[in-house]
Amino acid sequence: MAAHRKPKQSPLGGQAGRTAATLALASAATATLFEGSGHAEPRPTTAQVKEKVDRLYEEAEVATERYNGAKEKADEARAAFERLRDEAARRTQRLNTARDGLGAMAAAQYRAGGLDPAVRLALTSNPDQYLERSALAARAGDRQAAAVSAVRRELAAIGQLRAESTKRLDALRAHESELRTQKTAVLGKLQAARAVLARLTAEERARYEAAEAGRDGSGRPTGHGTATGTNASDGSAPARADRSSGGERGPVTAPNARAAQAISFARAQLGKPYVWGATGPSAYDCSGLTQAAWRAAGVSLPRTTYTQINAGPRVSRSQLAPGDLIFFYSGISHVGLYIGGGQMIHAPRPGAPVRIAPIDEMPFAGATRVG
């Protein structure tokens, strides 16, 4: 019986039903539209963009110092491998000379016939001549024994050199692999920073660059940066401004001639570009600049910030003197050369040339006195 019942009519059948469905769809679309608009991610502020870019640049600098360390180790391993290879070549030459000597001795013995000494004494008509020749033969035997010993020593030394060369080559390949890894990390962070900046409008980019230059929209100085690093220059200001940004307040008295020479060298680099991994003379990264400055003063510094901080005794912030190395961030990933008056010369980051800057524009991590 239930199968033969007439279907129940919808109270909104016909035109009324179609109208209601249309209204419902329109309402749903409108709701979706407003919901999507309500949840759209707002454009970041200039301060937020700057914070993100600063973080990416800081991470790039961490990777850069790791790259520098890997490169230093790779260079050392390559130099050691080449020294071992050269020594193996010299040993091989000596081995060949010793072998040639043994061959000559063996040929001479073969031509002499190798008779038993008692038989030769019985056949000789001049015993004195025999005894003289016997003494010469004995000395020749001693030389032969010495030549054999020399060959054995060279063979053993060459074997050791080859084993050590294999280990050095393995180490070199490992350091080169680390080098490639860190290079990829650096380039990735820099590309991410460029991508963030590329999304800015012209007006936003102008505000960002004004903030980077430490100025407000009217071009008035806003004062020195804070420990958050939000007022670090990206080099958008001309190099002339970098040269006069607070570091020329008066003559700087260095504690010794070497420190004065290091500062003089660093000043001569003002305006040169930052290039990660560079040690001069046309471009620098942060530790490359400090290394070059002190090298000009006759002091050899290690390559990275992590090793430069241990290149001399530590000094507190209140004890800073011109020529000291100042390190920043908890990971010791940035370094500058203190010049007095709360100022330093440093290579900030890509796009920012070597410049004079206040030391409080980045979080202070420590200082070291060298020279």
Point-to-point distance, once rounded to the nearest 0.5 Å, from CG of Leu169 to CZ of Arg85: 9.5 Å

Main-chain N/O of Gly277 paired to Asp285 side chain as donor or acceptor, under 3.5 Å: yes

Results of side-chain hydrogen bond (donor to acceptor under 3.5 Å, both in side chains) for Ser287 - residues two or more places apart only: Glu65, Arg303

Presence of salt bridge, Asp86 and Arg83, under 4.0 angstrom: no

Ring-face cation of Arg349 near Tyr274 (centre distance under 6.0 Å, axis angle within 45°): no

Nearest-0.5 Å distance, OG1 of residue Thr184 to OH of residue Tyr67: 10.5 Å

Contact check, side chains of Leu337 and Met344, non-hydrogen atoms, under 4.5 Å: no

Lys272 atom NZ, neighbour heavy-atom count above 12 within 6.0 Å: yes

Distance-only side-chain donor-acceptor flag, Gln261 / Arg258, under 3.5 Å: no

Salt bridge (Lys or Arg N to Asp or Glu O under 4.0 Å) involving Arg66 - partner list, sequence neighbours excluded: none

Euclidean distance, Gln160 CD relative to Leu84 CG, rounded to 0.5 Å: 11.5 Å

Minimum side-chain heavy-atom gap Cys286-Thr305 below 4.5 Å: yes

Main-chain N/O of Glu61 paired with Tyr57 side-chain donor or acceptor, under 3.5 Å: no

Point-to-point distance, once rounded to the nearest 0.5 Å, from NZ of Lys71 to CD of Glu76: 11.0 Å

Within 6.0 angstrom of Arg162 CZ, more than 12 heavy atoms from elsewhere: no

Ser264 side chain to Ala260 backbone, donor-acceptor under 3.5 Å: no

Candidate list Gln319, Arg314, Arg369, Arg317, test side-chain contact (heavy atoms from CB on, under 4.5 Å), partner Asp324, passing option: Arg369

Test item: side-chain donor near acceptor, Thr304 and Thr307, under 3.5 Å: yes

Exercise: do Thr368 and Gln308 side chains pair donor with acceptor under 3.5 Å: no

Whether Phe328 and His334 hold their rings parallel, tilted or perpendicular, with breakpoints at 30° and 60°: tilted

Under 3.5 Å: donor-acceptor pair, side chain of Ser177, backbone of Arg173: no

Pairwise side-chain contact, Phe364 with Ile326, heavy-atom cut-off 4.5 Å (strictly under): yes

Straight-line distance of Glu361 CD to His346 NE2, nearest 0.5 Å: 4.5 Å

More than 12 heavy atoms from other groups under 6.0 Å of CD on Glu178: yes

Rounded distance (nearest 0.5 Å) linking atom OG of Ser165 with atom CD of Glu82: 11.0 Å

